[in-house]
Amino acid sequence: MVPNTDLNTSTFSLAGGYNFSGKLRGDASFTYNKQYTDNFPQIGYGPENYIYNVLLWMGTDIDVRSLRDYWIEGQEGIGQRHYNLLWYNNPYFQTFERLRGYYKDVNYGQFSLKYDMAEGLDLLVRSGINWYNLDRTDKIPFSYIGSNLNGEFSTSNATNFRIVSDFLLNYQKEIGQNWAVRASAGGSNNFTTFRSQSAQTDGLNVPELYNLSNSRGPVVAANQEVKTKLNSLYATAEISYLNSIFLGFTGRNDWSSFLPPENNSFFYPPVSLGVVLSDLVTIPGSISYLKLRSSWAQVRSDRLSEDDFFVTTPTYREGVNFGGTPSVVFPDVKTNPNLKPDLTSTVEIGADVRFFKNRLGVDVTYYRSLDTDLLAARNVANSSGFRTVIENAEEKYVRRGWEVILNARPVQVSDVFSWDVTVNWSRHRRVLEELPAGEVGLNGVRLGERTDIYLGDAFLRSPGGDIIYDADSGLPLTDPFRRSLGNISPDWTYGISNSFRYKNFALNISVDGRHGGVFWSQTIRKMLWGGTQPATVTEFRDMDIRGIASYVGEGVNVTGGELVTDAEGNVISDSRTFSPNATETFWFDWLNRYYHGQVDESNIQDQTFIKLREVVLTYQLPEKLMEKTKTGA
């Protein structure tokens, strides 16, 4: 827990409805949420992070409690007291003087009218808003490491207002005893306005006076305003037979302000089919319910991300201030007036099977998606005057996955006790499916390979997998080619939820986790290099202090022969011979090369975990007790 940090939140909601007539009804709701704090901790690597200052670099011989008085005597408000004033901040000074404020107001509101035009036909008209205002302040004291030593003050405000209005005409009718039709048609308008302003001092004249007027130099300010609009028309229809066969069609067309006028209109259609076989044919008595389903759908997207607003029109950004003369800079990202929306086509099949009067159920889904025309930022030669260009990628990607949900009630003792279990399991893969003609790979990924490969620098190894050491220095050698160090995404993820009910008591226990996947840990890397990781406490460390090189790395030395590879590092021939490494070196030199060098492999960590997510115990008041209240049961 970091002292003097918190996050407060308050929420107020109101909802209601009114029948204007037998055919017209109105509903409305409003929610207000306020989030606020005068200080929240900084994340990331550097002297602004508590973990950086305390866990990574503070020696074990330092009693952190001795740093509570964080001002140098006689220099209160100006100079922090610490054992190292070059690289690190006193953690108490940081938490009580470096104050980062966050004040956010969020409002949600919606109003709808539903009119029953005729039997089976109704019209729904609604409009909703999502509006937030975010104020941020940042107070940096004098002598703060990692920023202006003369202090800083900055303030910013961001406002986002979104209003979505739509109408939907719904129709449903039963045709005879076997057929039914449900259809809808409508349209929507999604309009968003985003505004932001920020201002920052150029140092402080007076310590601890956090105001823009207290700036030593000219105040640096910036602002932004963005307006976006998405208009849509859509329709859907479903035909059912015997309430067991369901065939659905949907069509949607969007007009987006993000794209150039020539390509800002795009259409995408889904189709679905579902069949409840247990209602149509005779199945084994142990099966209570059996449904098969399939669908095909296309979805289009009009932007790289939620924050990429200007992909077709260039905008200037603030440049340097030279001799009091301001400047603006043309962006280093080349926009593209010919962009078109990317496209994802998905096929999905699934089955829902229940056994033993619904005491056991299994829902299985398989999907395959093809991503094409993806919006991507490509690196270009600096001689072009730009760093990247935004374009529709020529390569194609396939995403495949499985999702399985198991529901069971192993125990049921009348109405007294029951035990319910839900298990979900999923697996997801994304592979490179197609490349432009003449290309064999992209960013180290070859055709048919997963795109989440972690490519990094690895140790040079023998055919048997031993690390090869330099016989003269006793330090491990680095492979000249980048290698695959694993996959970032997990092999599979899962969750298990158990619900126990005894009379009016209920206990819910949920766990979840993931298996497989890797990540690179900067924290472990720095702790090993800095000597704060317990594994660094060895007898070799003591020998280093005495000036004796005593550590021998586990691996081999090359004694002869030659390794021949192609341009991509694939082995053509290998006649090398090896002997066990026997060269003694200093422990710190080996540690610095092994963990803190340019090799990624040694800091790759497994992402496998299982977590107890939630434990909830509830009690339901008896109905007889509630019947005696004015609210009833």
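For clarity, every value in this text was computed on a predicted model and none was experimentally measured. Quick note: numbers below take in every heavy atom, side chains included, and nothing from hydrogens, waters or symmetry partners.
You'll find the side chain of Leu292 reaches within 4.5 Å of the side chain of Leu277, heavy atoms only. Arg162 places a side-chain heavy atom less than 4.5 Å from the side chain of Asn190. With a 4.5 Å cut-off on side-chain heavy atoms, Arg450 and Val431 count as touching. Looking only at side-chain heavy atoms (C-beta outward), Ile287 and Val353 come within less than 4.5 Å of each other. A heavy-atom distance below 4.5 Å is found between the side chains of His428 and Tyr367. At a threshold of 4.5 Å between non-hydrogen side-chain atoms, the residues Val416 and Tyr502 count as touching. Pro260 has its side chain out of reach of Asn338: every pair of non-hydrogen atoms, C-beta onward, lies at least 4.5 Å apart.
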Handout entry: Stepwise side-chain contact (heavy atoms from CB on, under 4.5 Å) test for Thr346 and Val299
Key = CA-CA 8 Å; Thr346 303; Val299 178; over 6 Å; no
Problem - From CA spacing to verdict: side chain to side chain donor-acceptor pair (under 3.5 Å), Ser256, Asn264 - result: CA-CA 5 Å; Ser256 171; Asn264 72 349; over 6 Å; no
Exercise for the section: Apply side chain to side chain donor-acceptor pair (under 3.5 Å) to Arg126 and Gln110, showing your working. Expected result: CA-CA 7 Å; Arg126 58 192 173 187; Gln110 69 87 25; over 6 Å; no
Handout entry: side-chain contact (heavy atoms from CB on, under 4.5 Å) evaluation trace for Leu242 with Asp279
Key = CA-CA 9 Å; Leu242 295 175; Asp279 291 344; over 6 Å; no
Handout entry: Residues Leu339, Asn263; criterion side-chain contact (heavy atoms from CB on, under 4.5 Å); working and verdict
Key = CA-CA 7 Å; Leu339 288 178; Asn263 299 323; 5.8 Å; no
Exercise for the section: Starting from the C-alpha separation in whole Å, work towards a yes-or-no answer on side chain to side chain donor-acceptor pair (under 3.5 Å) for Ser345 and Gln298. Expected result: CA-CA 4 Å; Ser345 303; Gln298 286 189 331; 3.2 Å; yes
Exercise for the section: Please test Leu168 against Asp166 for side-chain contact (heavy atoms from CB on, under 4.5 Å), starting from the C-alpha separation and ending with a verdict. Expected result: CA-CA 7 Å; Leu168 192 63; Asp166 63 354; 5.9 Å; no
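For Phe30 and Tyr32, the gap between ring centers reaches or exceeds 6.0 Å. When ring centroids are compared, Trp425 and Tyr494 stay outside the 6.0 Å threshold.
Expressed to the nearest 0.5 Å, how far CG of Leu113 lies from CG of Leu124 amounts to 8.5 Å. In this structure, the separation between CG on Asn424 and OG1 on Thr493 is 7.0 Å, given to the nearest 0.5 Å. With rounding to the nearest 0.5 angstrom, the CD1 atom of Ile405 is 7.0 Å from the OG1 atom of Thr365. If you take CD1 on Ile453 and CG on Leu432, they are separated by 9.5 Å, rounding to the nearest 0.5 Å. Here Asp135 contributes atom CG and Asp105 contributes atom CG; the two are 8.0 Å apart, rounded to the nearest 0.5 Å. A distance of 13.0 Å separates CZ of Phe12 from CG of Asn33, quoted to the nearest 0.5 Å.
A distance-only check finds no donor-acceptor pair linking the side chain of Ser294 to the backbone of Ile349 [under 3.5 Å]. In this structure, Thr31 contributes its side chain and Tyr108 its backbone to no donor-acceptor pair below 3.5 Å. Under the 3.5 Å distance criterion, the side-chain polar atoms of Thr608 are matched with a main-chain donor or acceptor of Gly516. Between the side chain of Asn8 and the main chain of Tyr36, a donor-acceptor pair closer than 3.5 Å is present. Between the side chain of Asn189 and the backbone N or O of Ser165, no donor-acceptor pair lies under 3.5 Å. Within the 3.5 Å criterion, the main-chain N or O of Leu7 finds no donor-acceptor partner in the side chain of Gln35. Side chain of Ser232 to main chain of Ser188: no donor-acceptor pair is present (N/O by atom type, distance under 3.5 Å, no hydrogens or angles). No donor-acceptor pair under 3.5 Å is formed between the side chain of Asp254 and the backbone N or O of Phe266. Checked by atom type and distance alone, the side chain of Glu439 never pairs as donor or acceptor with a backbone atom of Pro436 at under 3.5 Å. With hydrogens and angles disregarded, no donor-acceptor distance shorter than 3.5 Å links the side chain of Ser156 to the backbone of Ser198.
Taking a cutoff of 4.0 Å between a charged side-chain nitrogen and a carboxylate oxygen, Asp491 and Arg427 do not qualify as a salt bridge. Between Glu395 and Arg378 there is a salt bridge, since a side-chain N of the basic residue sits under 4.0 Å from a carboxylate O of the acidic one. Using a cutoff of 4.0 Å between basic side-chain nitrogens and carboxylate oxygens, Arg293 and Asp352 are not scored as salt-bridged. Under a 4.0 Å N-O distance rule, the pair Asp512/Lys611 does not qualify as a salt bridge.
For residues 111-125, the side-chain hydrogen bond (donor to acceptor under 3.5 Å, both in side chains) pairs, not counting sequence neighbours, are Asp122-Asn170. Residue pairs that meet the side-chain hydrogen bond (donor to acceptor under 3.5 Å, both in side chains) test with at least one member in residues 234-243, sequence neighbours left out, are Thr236-Thr250.
Contact detail for Lys503 and Arg501: the closest heavy-atom pair is O-NH1, 3.3 Å. Among all heavy-atom pairs drawn from Thr228 and Ser257, the shortest one is CA-OG, 3.4 Å. Considering all non-hydrogen atoms of both residues, Ser265 and Asn253 come closest at OG-ND2, 3.1 Å. Nearest heavy atom pair, residue Gly17 against residue Asp27, reads CA-OD1, 3.5 Å. Across all their heavy atoms, Tyr397 and Leu442 have their closest contact at OH-CD2, 3.4 Å. Counting all heavy atoms, side chain and backbone alike, Phe246 lies closest to Val276 at CE1-CG2, 4.2 Å.
Counting heavy atoms of neighbouring residues, nucleotides and ligands inside a 6.0 Å radius, atom CD of Gln412 exceeds 12 of them. Other residues, nucleotides and ligands place no more than 12 heavy atoms under 6.0 Å from the CD atom of Glu394. Counting non-hydrogen atoms of other residues, nucleotides and ligands closer than 6.0 Å to CG of Asn443 gives a total of 12 or fewer. The neighbour count for Tyr619 OH, taken as heavy atoms of other residues, nucleotides or ligands under 6.0 Å away, is above 12.
Between Trp402 and Tyr366, the ring-plane angle classifies as tilted under the 30° and 60° cut-offs.
Using a 3.5 Å distance cut-off with no hydrogens or angles, the side chains of Asn133 and Asn157 do pair a donor with an acceptor.
Remark: His515 pairs with Trp492 by the ring-ring contact (aromatic ring centres under 6.0 Å, His included) rule, at least two apart or across chains.
Partner Asn487 forms a side-chain contact (heavy atoms from CB on, under 4.5 Å) with one of Thr451, Asp452, Val518 and no other, that one being Asp452.
Tyr132 carries Lys104 over the face of its six-membered ring, with the cationic atom under 6.0 Å from the centre and within 45° of the normal. Tyr268 does not carry Arg300 over the face of its six-membered ring by the limits of under 6.0 Å from the centre and within 45° of the normal.
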